[in-house]
4 protein chains.
Amino acid sequence: MSVRPIRIGVAGLGRMGRVHAENLAHRVPDVELTRVVDVVEETARAAGERLGAAWSTDVEELLRDPALDGVVIAGPTATHAPMIEQAAAHGKHVLCEKPLSLELDATVRAVQAARAAGIKLQMGFHRRFDPDWAAVAERIAAGELGEAYLLRISLRDQAPPGVEFLRGSGGIFVDVAIHALDAARWLLGEVEEVAAFGAATSDAVFAEIGDLDTAIVQLRFASGALGVIDASRVAGYGYESSAEVMGSRATLRLDNHRRTHVERLAPGASAKDRVGDFVERYRHAYLLELEAFADAIREDREPAVTGEDALAAFVLAQACDEALRERRTVQVPTSGAPQEARA
Amino acid sequence: MSVRPIRIGVAGLGRMGRVHAENLAHRVPDVELTRVVDVVEETARAAGERLGAAWSTDVEELLRDPALDGVVIAGPTATHAPMIEQAAAHGKHVLCEKPLSLELDATVRAVQAARAAGIKLQMGFHRRFDPDWAAVAERIAAGELGEAYLLRISLRDQAPPGVEFLRGSGGIFVDVAIHALDAARWLLGEVEEVAAFGAATSDAVFAEIGDLDTAIVQLRFASGALGVIDASRVAGYGYESSAEVMGSRATLRLDNHRRTHVERLAPGASAKDRVGDFVERYRHAYLLELEAFADAIREDREPAVTGEDALAAFVLAQACDEALRERRTVQVPTSGAPQEARA
Amino acid sequence: MSVRPIRIGVAGLGRMGRVHAENLAHRVPDVELTRVVDVVEETARAAGERLGAAWSTDVEELLRDPALDGVVIAGPTATHAPMIEQAAAHGKHVLCEKPLSLELDATVRAVQAARAAGIKLQMGFHRRFDPDWAAVAERIAAGELGEAYLLRISLRDQAPPGVEFLRGSGGIFVDVAIHALDAARWLLGEVEEVAAFGAATSDAVFAEIGDLDTAIVQLRFASGALGVIDASRVAGYGYESSAEVMGSRATLRLDNHRRTHVERLAPGASAKDRVGDFVERYRHAYLLELEAFADAIREDREPAVTGEDALAAFVLAQACDEALRERRTVQVPTSGAPQEARA
Amino acid sequence: MSVRPIRIGVAGLGRMGRVHAENLAHRVPDVELTRVVDVVEETARAAGERLGAAWSTDVEELLRDPALDGVVIAGPTATHAPMIEQAAAHGKHVLCEKPLSLELDATVRAVQAARAAGIKLQMGFHRRFDPDWAAVAERIAAGELGEAYLLRISLRDQAPPGVEFLRGSGGIFVDVAIHALDAARWLLGEVEEVAAFGAATSDAVFAEIGDLDTAIVQLRFASGALGVIDASRVAGYGYESSAEVMGSRATLRLDNHRRTHVERLAPGASAKDRVGDFVERYRHAYLLELEAFADAIREDREPAVTGEDALAAFVLAQACDEALRERRTVQVPTSGAPQEARA
């Protein structure tokens, strides 16, 4: 027999919100896109009509729908934590885009509210659902690498977002590197120490708003392994999402994706294309993250990546900021997350 | 507003039929899987219930459904041509797996019946819908390669199908190489001459049933370009689907796909994985071929690959057989297809 | 103690002759470049003075030198066979560039003269001395591939030589494909049947002089394996020297070489360079072929590739010509070489 | 006319000394290996006889030879600085293996002695002579990358040397990372700040002797660019020597080398081999570094990499040690080298 469809709404129809809404409407089995919300009425209406979903400009309306199982929160960062608390109050499960918040207090409160209400709170760290990253994680967990000695992650955007987005992004550590910090914890466990270097040489705007265009983070894991992350907003040549885990018995490398598997040979050079950005690179992961969210609801399971993970990654990002400012190695609060969030 | 869904049935629930039915039910936008048919009642019932579609063991029942727009024919080869004629009689559009038939007469008759009835007849040459092959075709058509001099296609299965399938397969040219013959026509136009070598050394069964395990085909195109295809049922190392087009200004290579983008480095060697077979390699093309079928119906357009293309590829495959038997170069009947089918 | 140096002269100081002379003078251990000869006095004098070797315009003078052990024959093809007979008469060992001759009779005579005189006659099929090809040959011989089913070799020049060279080249099979035909025999043994297609569409000059710019050769080996060679004089994108051997247990691919191991990433594409021609690609093989020649003399051993191999490859190239002209499969004379040459 | 040969001796016939002696004897044009020295008489005698050079156990004997132009110093690190001073006293040019010394004072003294005597002092940083690294350096210098933002270098040995060597190696920064530190200065100019993390988890011996098995170094260049180096003695999977320079307009990656260009495809994986260690990887660079040394002597030019470069890299390595111990970012003394060495 056919399984019961999980009914999901999407709040916030920016770039990622539209990707999620399209996927829910057409490409995720046994799921219904029930409702869409955006503060801009025309955006909400157009998406609702095109995708066959109810629409509104008011998230409360969405959350009050008794038929709804969960909501994807994809609006501006400032709305994430309050909306998680609202959803918790209505008993609706949440899939929330990162970062959960730019404030530690708000992050802790939202995570606690979700726990107290017993809702699923799954974070949109898409690497967790990507088959390549998952293969690396599984092979590490299976002991295939022996003892892990070194992790390297590169995460770079070809060009920076607009200055308005940058102003509210929280900075390169919490906006960009956080994906790598989460992946680092996932692959090799908790981080005890960080150090960081940063630069802002590509454009004066970065210095003006107190952000960086390029950064390097060093990690020491509780296991004794070392890690290094480089993050950039100005890679120029294109989008980069690669990683390496070196172990005593084997080493794994996770490469960039190509747009096609067509190589062009012309005098002097053989050229391959590449995917252009994270939406293209993680297209399949976005589907799988929605499937996983639906499955977690359907089977009443803990999501693969939780609010506590969001908190731990946020704490690491803040430690990077501190290390950079103070030009020293910074010890990370125990277990990568403040005590109270665990209580 | 939401577009009208195209209602499609699937006849034949073997491996490819199940892939199509799953895709229609879950992953193709604006399409409904309305009905499924298989001669084995349990197979039909299970699929229908799982996918939320009506089911039966009788294709006539499916074809009589006035709400149905089209049917995917995915049963044994012997059923393809008769079922096309049936569908034509009911005015239902057809997406048919290759080969259309093992007989020239039956192929011609089915193609003519489809034309006479005015139904769409789209052939399941999935390379036509694959983004990599499509990129190669577009770049050739755009003149990026200059004059095309040489085409190479490799198409190999890791292990042969069971002997019962082999007996009815029509042989390596019509069963395996036909995909490459169709791709060759698509990329570089009509073929005027062929020569072929074949071998059957891996297992005595191939000689017993008069088939080959490995074959090479040489092509001369009307344009003056040359082509070479190698096909194998016993590649051993894995599945191969690669191609190269060498032109005066540039050369394109279409590589195999990887299962993940993870490389494993261990003492002595760095290893990458690969996809295992055509179903894994062309997963995305199967979706796109269903989307294209629905679009052709919705927009009343000629499909990208037609019954006449199936006929032309079949004529080429037969010419390969003749060249091999007679140990000589064989001229291909004008335009790659008998006159009558065009009339 | 230091080994006795082998004293070698070079006859013919064109492109390859200069490469050999430089290598003998500077880069091959335990060898002396004793003499250089060229019909152009200035060429001979300049090379002799630069490399510290005696020089002359007369090969007889070189061959009469009692201190000389052997000679590298690198002048125009027409001089190869007569010079081998001269060298045989003087008891000097020979390393001869391919092709030995454009005439079957002259080839047979030169091979017989060398045997009768007991001199070493090593042919300049440089793939035989290349570490990559040698690795493939060793792994096939060691049984690593299981039963070999299919061989593919691509051999392409970026641009054709001048028309004067083309007129005397003997055509694409004997001038270009012969390297691949020799490699095919080396890797998988004797060839029993060939078929061939050819084209001459890039420039009217090819038709005028009766040559081809691109050709495909099919092979059937005595072992039952199949082979395919593509050869081109007009690859456009660059130089190609690649191969594949598909076996029941594993498949080996021999890739092109890169000039550097530097990849350049710019918007849209990642590009790698490649070597530009055979001199750059086989730079190391040319050294090793001279070392092997010196070793064969020093240790009185049969060279790794002999006059009989040159004859067998020439017979195959002629069979390709015949197959093309007669549009049919051609049986190759027993063992790939006429009986008399073996006697 | 033939150029005057440069006469060179080799002092110290360990692994690298033997490589240099063989190259000088056989593979470097216009150079003579005149003398070899080793404290072990049998080693010196065997090498001298095999290579046709005078031999002794006393480096003074070598340095007193009036016919000698220069000496390659390849013995234990402790002998480097004293021998440079000796060579300077005899007016002999020096090619010295790294590190120049484990002591800052001795390094400065040796560099000053070479300058005072007017001898060439070329350091054995072989990357400087490698065609791949040189291509990267040239393309950066030519502005092809635009503004350089980020440098990454990985330098890893598969397995550590013996514990006796480790005890005297000076630690991972001065023994391993120093090659990358020199390359960093060469490519992007002086370094102003460093931070470092290190680990010693593979074997208790590293902690016992106060060394690390794996380390990460962060760099801030005077130009504003950032850099990261990872170095390991326990890579397990093999030898690694790769780099990346990311710029505003393009990014260059320098890959590892393969032993052969043969790929092996077997069920599940396609595998390529790799070179095994630095001697295999930099085989060609070792030749070119000797050619460059001979050219510097012949043409009375400053070597491409000098004693001052050795000093600057050593100062950086010491700054890494300090950063690691003190868990903070360390400012590097002006211009990467103490003032006095420049005077």
Side-chain angles (χ1 to χ4, degrees), chain B residues 145-152 154 156 158-159 193-203 212-221 223-238 240 242 244-253 323-331, chain C residues 145-152 154 156 158-159 193-203 212-221 223-238 240 242 244-253 323-331:
Chain B
L145 275 60
E147 189 181 356
Y149 293 145
L150 182 66
L151 168 69
R152 281 203 312 103
S154 292
R156 309 172 188 160
Q158 180 166 18
E193 283 187 346
V194 302
F197 273 27
T201 57
S202 67
D203 192 312
L212 306 165
D213 55 30
T214 306
I216 298 172
V217 174
Q218 288 180 319
L219 308 171
R220 183 191 305 281
F221 293 89
S223 70
L226 302 181
V228 61
I229 294 166
D230 71 75
S232 179
R233 295 187 182 281
V234 291
Y237 68 92
E240 179 80 29
S242 53
E244 178 181 29
V245 190
M246 184 184 92
S248 54
R249 283 215 291 270
T251 286
L252 297 181
R253 290 195 181 143
L324 180 78
R325 278 196 318 273
E326 304 191 358
R327 301 194 166 199
R328 62 173 182 87
T329 297
V330 166
Q331 311 294 313
Chain C
L145 274 59
E147 189 179 357
Y149 292 145
L150 182 66
L151 169 69
R152 282 203 313 102
S154 293
R156 308 171 189 160
Q158 180 166 17
E193 281 187 348
V194 301
F197 272 27
T201 56
S202 67
D203 192 312
L212 306 165
D213 55 29
T214 305
I216 297 172
V217 174
Q218 288 180 319
L219 309 170
R220 182 191 305 282
F221 292 88
S223 70
L226 302 180
V228 61
I229 294 166
D230 72 75
S232 179
R233 295 187 183 281
V234 292
Y237 69 91
E240 179 79 30
S242 53
E244 178 181 29
V245 191
M246 185 184 95
S248 56
R249 283 215 290 271
T251 286
L252 297 181
R253 289 193 183 147
L324 181 78
R325 278 196 318 274
E326 304 191 357
R327 302 192 165 200
R328 63 174 182 84
T329 297
V330 165
Q331 310 295 312

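Residue numbers begin at 1 in each chain, while the letters A, B, ... track the order of the sequences.
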Contact origin within B:E193 toward chain C - heavy atom pairs under 4.5 Å: both
Part of B:T201 within contact of chain C (heavy atom distance under 4.5 Å): both
Under 4.5 Å from a heavy atom of chain C, the part of B:L145 involved: neither
B:Q158, part contacting chain C, at a heavy-atom distance under 4.5 Å: neither
Nearest-0.5 Å distance that lies between atom CG in B:D203 and atom OG in C:S248: 12.0 Å
Pairs of heavy atoms under 4.5 Å with chain C: top-ranked of B:G236, B:S154, B:A199: B:A199
Residue among C:A200, C:A250, C:S232, C:S202 with most heavy-atom pairs under 4.5 Å to chain B: C:S202
Chain B interface, residue from C:G198, C:A323, C:G146 that has the most non-hydrogen pairs under 4.5 Å: C:G198
Proximity breakdown for C:A225 and chain B, heavy-atom pairs closer than 4.5 Å: neither
B:L150 versus chain C, the contacting section by heavy-atom distance below 4.5 Å: side chain
Part of B:E147 lying under 4.5 Å from any heavy atom of chain C: side chain
Structural part of C:A215 lying under 4.5 Å from a heavy atom of chain B: backbone
Beyond-backbone contact of B:E240 with C:M246, side-chain heavy atoms, under 4.5 angstrom: no
Pairing of B:R156 and C:E244 as salt bridge, 4.0 angstrom limit: yes
Which portion of C:D230 sits near chain B, non-hydrogen atoms under 4.5 angstrom: side chain
Side chain C:R327, main chain B:V330, donor-acceptor under 3.5 Å: no
side-chain contact (heavy atoms from CB on, under 4.5 Å) between B:T329 and C:F197, intermediate numbers included: CA-CA 9 Å; B:T329 297; C:F197 272 27; 3.6 Å; yes
Which atoms of B:R220 approach chain C - backbone, side chain, both or neither, heavy atom under 4.5 Å: both
Distance in Å, B:L226 CG paired with C:T214 OG1, rounded so as to fall on 0.5 Å steps: 6.5 Å
